[in-house]
J.: 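Below is one structure. I have some questions about it.
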Amino acid sequence: MIYLKSEEEIELLRENNLLVSATLAEVGRHIAPGVTTKELDRIAEEFIRSHGAVPAFLGYNGYPASLCVSVNENVVHGIPSDYALKEGDIVSVDCGTFMKGFVGDSAYTFAVGEIAPEVRALLDTTKEALYKGTEQARPGNRVGDISAAVQYCAEKAGYSVVRELVGHGLGRKMHEDPEVPNYGARGRGPLLKAGMVICIEPMINMGTKQVVFERDGWTVRTRDRKPSAHFEFAVAITKDGPDVLTDFSVIEKALNK
Ligand code: MF3
Ligand code: CO
């Protein structure tokens, strides 16, 4: 069941996703060698609550934290811990908020200090794949047009696309229909209509596409332990095309301060 959103509902989703953007910017300002992933989680939870929202991930299916923090070979759903970031790491931070009856959900992969050029290229391509998919998010297209655009961008650069986890509709619930895979065929899948709001979230691996589900019940990592990147934002499909509800520019401004 796909719920179409009114303009007012889309504005509430935008408020949430702008708060997620601001939270990721605040987290990004604190990312440095020596900082633990638990400290990042505490910073995010305080920031979210001080803005009148609730962390959407905390307690979701029993998830124990406000952020998912996934370092290097960890793809998604890393649980914040006492691990201290070190120079050269990459860290995917996924964040969700809930306020005014709606959810925000976005992710950004940060570099810790200087990273290897081939890892920087993985980050750049994963973000580019997200933008390529977003261009396809318009009425009359199908979910497969988004999926194929993401996959083409990633594979053209020699990377692989994780299959086990997908994007999703976003609304009063964090995971609504439709599913939005990061691989697939143009012209296939559910028809996109004005009023749909979806999260597009490529998870792109430098090596094999295969992943392993760790025994902590949450962490997903690459089978070959090569790095993986994850960028996610929320997009409203309007009659004029995609309206991105998340704002990566506030994150990038915080990083270039
Ligand atoms: N942000 C993730 C997604 O896009 C969900 C996080 S799972 C949670 O689907 F359990 F941490 F909430
Ligand atoms: Co999501």
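Small disclaimer: the values here were computed from a predicted structure and weren't measured.
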J.: Using the salt bridge (charged side-chain N to carboxylate O under 4.0 Å, His left out) criterion, which residues pair with Glu87? Sequence neighbours excluded.
T.: none

J.: Less than 4.0 Å between a side-chain N and a carboxylate O, is that true for Lys86 and Asp89?
T.: yes

J.: Is any side-chain heavy atom of Ile90 less than 4.5 Å from a side-chain heavy atom of Ile115?
T.: yes

J.: Can you list the other members of the hydrophobic cluster that holds Phe47, where links are side-chain heavy atoms under 4.5 angstrom apart?
T.: Leu19, Met99

J.: Partners of Asp243 by salt bridge (charged side-chain N to carboxylate O under 4.0 Å, His left out), sequence neighbours excluded?
T.: Arg14

J.: Give every residue pair that meets the salt bridge (Lys or Arg N to Asp or Glu O under 4.0 Å) criterion with at least one member in residues 102-130, sequence neighbours excluded.
T.: Arg120-Asp124, Lys127-Glu252

J.: Would you indicate whether the side-chain heavy atoms of Asn16 and Phe102 approach each other to under 4.5 Å?
T.: yes

J.: Within a strict 4.5 Å, meaning less than it, do heavy atoms of the Ser106 and Leu24 side chains meet?
T.: yes

J.: Fit a plane to each ring of Phe248 and Phe233, take the angle between them on a 0 to 90° scale, and name the class: parallel (under 30°), tilted (30 to 60°) or perpendicular (over 60°).
T.: tilted

J.: Once salt bridge (charged side-chain N to carboxylate O under 4.0 Å, His left out) is applied, do any residues pair with Arg49, and if so which ones, sequence neighbours excluded?
T.: Glu45

J.: When rounded to the nearest 0.5 angstrom, what is the spacing between CD1 in Ile43 and CD1 in Ile48?
T.: 12.0 Å

J.: Could you work out, with side chain to side chain donor-acceptor pair (under 3.5 Å) as the rule, every residue matching Lys209, not counting sequence neighbours?
T.: none

J.: Counting only heavy atoms not in Arg138 (residues, nucleotides, ligands), do more than 12 fall under 6.0 Å from its CZ?
T.: yes

J.: Give, for atom CG of Leu67 and atom OG1 of Thr37, the distance between the pair rounded to the nearest 0.5 Å.
T.: 9.0 Å

J.: With a 4.5 Å cut-off on side-chain heavy atoms, are Leu165 and His77 touching?
T.: yes

J.: Run the salt bridge (charged side-chain N to carboxylate O under 4.0 Å, His left out) test against Lys100 and tell me which residues pass, sequence neighbours left out.
T.: Glu15

J.: Tell me every residue that passes ring-ring contact (aromatic ring centres under 6.0 Å, His included) with Phe57, counting only those two or more places apart in sequence or in another chain.
T.: none

J.: List for me each residue that meets side chain to side chain donor-acceptor pair (under 3.5 Å) alongside Asp216, sequence neighbours excluded, and say none if there are none.
T.: Thr219

J.: So, does Thr246 use its side chain to make a donor-acceptor pair with the main chain of Ala234 at under 3.5 Å?
T.: yes

J.: From Gln136 CD over to Ser147 OG, what is the distance, rounded to the nearest 0.5 angstrom?
T.: 10.0 Å

J.: Using the side chain to side chain donor-acceptor pair (under 3.5 Å) criterion, which residues pair with Ser21? Sequence neighbours excluded.
T.: none

J.: Mark yes or no for whether Asn74, through its side chain, and Arg221, through its backbone, hold a donor-acceptor pair below 3.5 Å.
T.: no

J.: Side chains of residues 189-205: which donor-acceptor pairs under 3.5 Å do they make with residues two or more places apart or in other chains?
T.:
unit_1: Glu201; atom_1: OE1; unit_2: His230; atom_2: NE2; d: 2.9
unit_1: Glu201; atom_1: OE2; unit_2: His168; atom_2: NE2; d: 3.0
unit_1: Asn205; atom_1: OD1; unit_2: Ser228; atom_2: OG; d: 2.7
unit_1: Asn205; atom_1: ND2; unit_2: Thr208; atom_2: O; d: 3.0

J.: Can Thr238 and Asp240 be counted as having a side-chain donor-acceptor contact under 3.5 angstrom?
T.: no

J.: Taking the six-membered ring of Tyr183 (Phe, Tyr or Trp), confirm whether the NZ or CZ of Arg163 is under 6.0 Å from its centre and within 45° of its axis.
T.: yes

J.: Would you confirm whether Gln210, through its side chain, and Arg223, through its main-chain N or O, come within 3.5 Å as a donor-acceptor pair?
T.: no

J.: Taking the hydrophobic residues Ile, Leu, Val, Met, Phe, Trp and Tyr, and joining any pair whose side-chain heavy atoms are under 4.5 Å apart, which ones share a cluster with Leu58?
T.: none

